Amino acid sequence: MASQKIVLPGETIGSDVLPIPSNPNLPLKLGPGLRHAPPSTITATIAGPLCIDQKKNAIWVESNSGRYIPQPNDLIIATVHHSSTDFYSCSITPYTTYAQLPQLAFEGATKKTRPQLNSGSLIYARVLTASKHTDPEIVCYNPSTGKSEGMGELKGGMVFDVSMGMARRLLMAKQREDGGVAVLEEIAEKVAFEIAVGRNGKVWVKSGGVKETLLVGRALQEADVLGLTVEEQVKLVRKMIR
Amino acid sequence: MTSITLSTIHRADGSATFTGNGYAVIATVNGPIDVQRRDELPEEAAIDVTVRPAGGVGGVRERHLESIVQKTLRHVVLVSAHPRTLIQVTLQIVASQEDHLNYGSLPQTSPYIPILPALLQASILALLSASIPLLMTLTSTLIAVKESGGLAPCPSAQDLRAATSIHALAFSSYGDLLVVESEGHFTSEKWEEVCTRAWSICHGEEEEESGSDDVSMGSQGGARLENVLRDAVRQKVVNEDKWKQSPLITAT
């Protein structure tokens with residue numbers, strides 16, 4: 001990712017830019033923002049920097065803005081809108097079709113023992129299926145293990161909006177090294193809190209009191225909006241905690 | 001002269017401000033969102049355009065502008081990517097040259113063509129900001145033909161009033177003509193000349209300053225509109241990647 005090439009919609013990605021796979025059997029992966037027109041034309045559909053991962057033989061266009069489009073396996077924070085006999089209808093982003101959450105898609109849920117969710121309650125869920133032609137389906141357990149793995153209803157706390165790019169950075173395995181987010185680690189040294197990050201640009205924070213919860217949320221939002229580097233984030237947190 | 005800011009309105013999915021040639025337009029895009037049943041298209045996204053004038057409520061003129069912008073955007077947006085959804089484009093005119101022109105008390109009597117390039121530019125920028133998948137980008141410009149027969153690109157209010165004809169043209173990023181709206185008396189040869197000139201403003205190479213009878217040519221600055229668009233996107237990317245400038249990241 002040394003050279004950041006910016007593409008605009010309609011631009012053709014030349015074959016000289018494409019990553020060279022180490023293994024010729026490895027297929028080229030096209031990420032978001034790119035479109036393949038047979039036989040071998042690749043055009044960009046959104047504007048942004050073109051990113052290339054040589055190891056995975058993948059190419060995509062990064063974007064930080066716009067509305068969240070559900071993708072399978074994304075972790076999201078959704079609001080229950082209403083419930084029907086078999087499903088809860090949940091809203092992932094405002095003014096879009098509701099995602100279907102089966103009432104039995106929780107850890108250890110049976111017909112008799114299933115969580116009762118009221119409209120307005122928050123859930124941390126995983127997108128099971130998402131396609132442009134159907135409503136997305138979300139679940140609150142891992143279908144292969146049957147365990148909740150942290151998903152389910154989020155009780156108490158507050159939700160904060162962050163940008164899509166920030167949500168992605170927070171969900172990285174190495175938050176500080178890859179994502180450049182040091183806010184949470186810094187605050188955690190002084191204040192205990194629980195956090196859940198949704199890929200749809202929502203962050204749920206719960207801690208001992210309102211003051212602490214707001215501190216975490218506001219610090220995250222500020223780091224996001226101002227584009228603070230790790231050092232600046234450390235400084236910001238020290239200032240806010242004092 | 002033209003100034004562009006992307007993502008000015010943070011509650012919308014995408015937004016942009018376009019200022020140029022005496023016009024200022026704020027565009028916002030929301031989408032893909034739920035569409036009303038009667039507007040739903042089974043295989044493509046519906047596009048809804050609203051134009052709001054700088055003062056008062058919209059009338060026939062605004063409805064006509066909406067329909068031109070809507071028909072253009074339908075071919076620019078990759079509508080098949082989000083079927084049965086709505087992409088909502090709102091264009092708020094903030095400043096317009098007509099304020100200085102006296103066309104009578106009714107705003108409807110002023111020509112609709114001069115504002116069109118600003119509307120098209122603002123809407124495409126907002127779509128870029130909203131990361132809506134597009135087939136191409138577009139650039140648009142306004143040219144007035146003077147009484148002397150010379151061309152005035154980016155005409156001022158006085159130029160417009162004195163012009164024998166005015167033309168708004170938009171080109172896709174592939175260089176194809178997308179929109180042409182003309183008003184006044186002109187010959188087909190003159191139109192060809194206008195079209196060639198507009199193309200070079202939007203796409204052409206930095207050509208020699210041939211405008212012998214153009215007063216306003218200097219203010220054009222010679223910057224191709226396509227480059228202006230790219231610079232705006234680059235500026236946005238730089239802003240978003242500010243956090244990466246940490247030495248901790250570059251070391252790894």
Side-chain angles (χ1 to χ4, degrees), chain A residues 1-2 4-12 32-35 43-50 61-69 91 93-98 131-135 161 163-166 169 174 176-182 223-234, chain B residues 6-7 10-15 29-35 42-43 45 76-78 80-88 124-125 127-138 172-174 226 229-234 236-249 251-252:
Chain A
M1 250 201 270
Q4 281 233 316
K5 187 177 183 283
I6 296 198
V7 290
L8 287 180
E11 267 175 41
T12 315
L34 294 173
R35 207 163 75 102
T43 45
T45 59
I46 61 173
L50 188 69
V61 182
E62 195 107 346
S63 79
N64 186 36
S65 52
R67 188 166 280 259
Y68 171 72
I69 311 288
S91 127
T93 46
Y95 306 108
T96 46
T97 52
Y98 296 119
S131 99
K132 60 182 180 181
H133 294 292
T134 56
D135 290 352
D161 286 325
S163 72
M164 305 266 288
M166 188 62 171
R169 283 159 64 192
K174 279 185 277 179
R176 197 184 189 116
E177 284 77 19
D178 296 340
V181 187
D224 178 24
V225 172
L226 302 176
L228 302 180
T229 61
V230 171
E231 290 79 46
E232 286 167 330
Q233 288 172 26
V234 172
Chain B
L6 286 186
S7 307
H10 71 281
R11 299 278 266 185
D13 288 335
S15 57
V29 168
N30 277 304
I33 58 173
D34 245 359
V35 61
E43 301 214 349
V76 171
V77 176
L78 187 60
S80 59
H82 299 294
R84 296 173 298 103
T85 56
L86 176 73
I87 294 167
Q88 202 172 42
I124 196 77
L125 286 162
L127 285 168
L128 286 180
S129 154
S131 296
I132 303 274
L134 307 178
L135 279 168
M136 53 198 154
T137 53
L138 67 80
S172 78
S173 50
Y174 298 112
E226 206 171 40
L229 205 75
R230 186 177 296 273
D231 284 342
V233 173
R234 183 168 293 130
K236 178 172 170 268
V237 170
V238 167
N239 279 342
E240 282 170 2
D241 284 353
K242 240 196 267 171
W243 58 273
K244 277 188 188 158
Q245 279 144 19
S246 155
L248 222 158
I249 304 279
T252 51

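Computed from a prediction, not measured in an experiment: that's the story for all the values here. Order of the sequence lines fixes the chain letters, A, B, ..., with proteins taken first and strands second; residue numbering starts at 1 for each chain.
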Taking the basic N atoms (NZ, or NE/NH1/NH2) and the acidic carboxylate oxygens, is any pair closer than 4.0 Å for Glu232(A) and Lys242(B)? no
Closest non-hydrogen contact found for Ile33(B) with Pro94(A) is CG2-O, 4.4 Å
Closest non-hydrogen atoms of Arg67(A) and Pro32(B), given as atom of the first, atom of the second and distance, are CD-O, 3.4 Å
Self-check item: Audit row: Glu240(B), Ser163(A), side chain to side chain contact (heavy atoms under 4.5 Å, CB included) steps and yes/no
Solution: CA-CA 10 Å; Glu240(B) 282 170 2; Ser163(A) 72; over 6 Å; no
| message | For Tyr68(A), I'd like to know if atom OH has over 12 heavy atoms of other residues, nucleotides or ligands within 6.0 Å. | response | yes
For Ile6(A) and Arg234(B) the tightest heavy-atom approach is CD1-CA, 3.6 Å
Distance col, row Asp34(B):CG vs Thr93(A):OG1, nearest 0.5 angstrom, shows 9.5 Å
Tightest non-hydrogen contact, residues Trp243(B) and Asp178(A), listed as CZ3-O, 3.8 Å
Okay, Ser173(B) and chain A: the region with an atom under 4.5 Å from a heavy atom over there is side chain
Output for pair (Ile46(A) CD1, Ser129(B) OG), nearest 0.5 Å, gives 11.5 Å
Given Leu135(B), Thr85(B), Val76(B), the one with more heavy-atom pairs under 4.5 angstrom with chain A than any other is Leu135(B)
Greatest number of non-hydrogen atom pairs under 4.5 angstrom with chain B, of Ser65(A), Gly48(A), Pro32(A), Gly33(A), falls to Ser65(A)
Tightest non-hydrogen contact, residues Arg84(B) and Lys132(A), listed as NH2-O, 3.3 Å
Applying a strict 4.5 Å limit to non-hydrogen atoms, the region of Ser80(B) in contact with chain A is backbone
Per side chain to side chain contact (heavy atoms under 4.5 Å, CB included), Pro49(A) is matched among Val237(B), Val233(B), Val238(B) by Val237(B)
Turns out that what part of Ile69(A) lies under 4.5 Å from chain B's heavy atoms comes down to side chain
Turns out that what part of Ala223(A) lies under 4.5 Å from chain B's heavy atoms comes down to neither
Between Arg35(A) and Leu78(B), is the side chain to side chain contact (heavy atoms under 4.5 Å, CB included) condition met? List the steps.
CA-CA 10 Å; Arg35(A) 207 163 75 102; Leu78(B) 187 60; 3.5 Å; yes
Looking only at Ser172(B), Ala12(B), Gly31(B), the option with the highest number of non-hydrogen pairs under 4.5 Å against chain A is Gly31(B)
Applying a strict 4.5 Å limit to non-hydrogen atoms, the region of Ile132(B) in contact with chain A is backbone
